[in-house]
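In what follows, a single structure is set out as structure tokens and then discussed.
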Amino acid sequence: MSELEPADFERADYRTVLRRLTTLDERAATLRDEAHRWHTERRAAADTAVREAAGQLEDAELAVRRARRDLEHVDARAAGLWSEFVHRIGPAAERFGRTLPPASIPRQRGDRDAADYLDEVESRVKYTPPARPITFGTKLVFVLLGLAGGLLGVTGNLLVTRTGAAAGGEWQQAAPVVALLVLLCCPVLAVVTAKLIADRRETSLDTAAVVTVLGTGLLTAGLLFSAVRFAQPG
């Protein structure tokens with residue numbers, strides 16, 4: 001703390017030694033003040049670091065809670081999309097499992113997040129390919145279905161009518177009504193058959209196709225029914 005060395009006391013006079021000794025208290029006070037300032041500054045810096053660390057810890061805990069909520073939301077949405085995919089695809093998707101497969105990290109992630117990938121999957125799951133147009137061959141099939149419906153309707157009508165006439169009683173009275181229903185239902189069944197064929201060929205059964213089948217069936221049934229009634233003896 002003093003600039004005096006032991007040899008200085010041997011060479012210096014009394015006044016010099018006394019003057020130098022009196023300055024020791026001042027120097028010690030200066031050093032104490034410096035030490036107090038250093039301690040205060042270090043303590044303030046430590047308190048600031050602790051507060052910053054506490055703030056970072058709180059932010060990290062908040063980020064963890066937010067990440068868990070996002071993960072739950074992503075898992076729920078992914079499970080819903082997988083359920084919809086299995087429902088639409090059917091047994092072909094069961095080879096991957098009925099439950100949601102484990103997640104995998106994409107090879108090329110880029111700046112995309114989970115929501116972007118889920119949006120892409122949702123667009124693919126909900127994508128419906130456009131229906132193929134009705135070709136001339138399909139239209140011809142629809143016409144043949146109408147003809148077959150009309151022919152079957154007239155055939156069923158005649159069978160019910162003759163069965164009622166042969167049975168007599170209440171069935172004979174109800175036979176004309178039932179025969180008329182059979183005559184009208186067969187062209188309608190032809191439309192249902194046309195719808196099944198259109199679904200199998202992934203084509204849309206529009207209004208024109210329905211009118212074609214139903215109109216052909218009813219026209220065929222009406223013409224054949226009139227011809228049969230005209231051909232029967234009075």
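The chain is numbered in sequence order, starting from 1. Nothing here was measured: the structure is a model prediction, and the numbers come from that model.
Pairs of residues two or more places apart, or lying in two chains, that qualify as salt bridge (charged side-chain N to carboxylate O under 4.0 Å, His left out) and include a residue from residues 67-77 are Arg77-Asp119, Arg77-Glu122. Sorted by first and then second residue, the pairs that involve residues 43-54 and meet side-chain hydrogen bond (donor to acceptor under 3.5 Å, both in side chains), not counting sequence neighbours, are Thr48-Arg51.
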Can you give the donor-acceptor pairs under 3.5 Å from side chains of residues 175-193 to other protein atoms, not counting sequence neighbours?
from: Thr193; atom 1: OG1; to: Leu189; atom 2: O; distance (Å): 2.9

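Following chains of ILVMFWY side-chain contacts shorter than 4.5 Å, one cannot reach Ile197 starting from Leu152, and the two form parts of different hydrophobic clusters. Phe142 and Leu214 fall within the same hydrophobic cluster, where Ile, Leu, Val, Met, Phe, Trp and Tyr residues are linked whenever their side-chain heavy atoms come under 4.5 Å apart, directly or through other members. One hydrophobic cluster holds both Leu145 and Val210 under the rule that ILVMFWY side chains link at heavy-atom gaps under 4.5 Å.
Contact detail for Ala194 and Val213: the closest heavy-atom pair is CB-CG2, 4.0 Å.
Thr212 pairs by the side chain to side chain contact (heavy atoms under 4.5 Å, CB included) definition with Val143, Thr216, not counting sequence neighbours. In this structure, Glu84 has no salt bridge (Lys or Arg N to Asp or Glu O under 4.0 Å) partners at least two apart in sequence or on a different chain. Applying the side chain to side chain contact (heavy atoms under 4.5 Å, CB included) rule to Ala78 yields the partners Leu100, Leu118; only residues at least two apart in sequence or on another chain are considered. In terms of the side chain to side chain contact (heavy atoms under 4.5 Å, CB included) criterion, residue partners of Glu61 (sequence neighbours excluded) are, by chain and number, Leu57, Arg65. Partners of Ser226 according to the side chain to side chain contact (heavy atoms under 4.5 Å, CB included) rule, which considers only residues two or more places apart in sequence or in another chain, do not exist here.
Leu219 belongs to a hydrophobic cluster whose remaining members, ordered by chain and number, are Leu223; membership requires side-chain heavy atoms of ILVMFWY residues under 4.5 Å apart, directly or through intermediates.
Rounded to the nearest 0.5 Å, atoms CG (Leu81) and CD (Glu120) are 12.0 Å apart. With rounding to the nearest 0.5 angstrom, the OG1 atom of Thr40 is 9.5 Å from the CZ atom of Arg37. We find the CD-CZ distance between Glu34 and Arg27 to be 9.0 Å, quoted to the nearest 0.5 Å.
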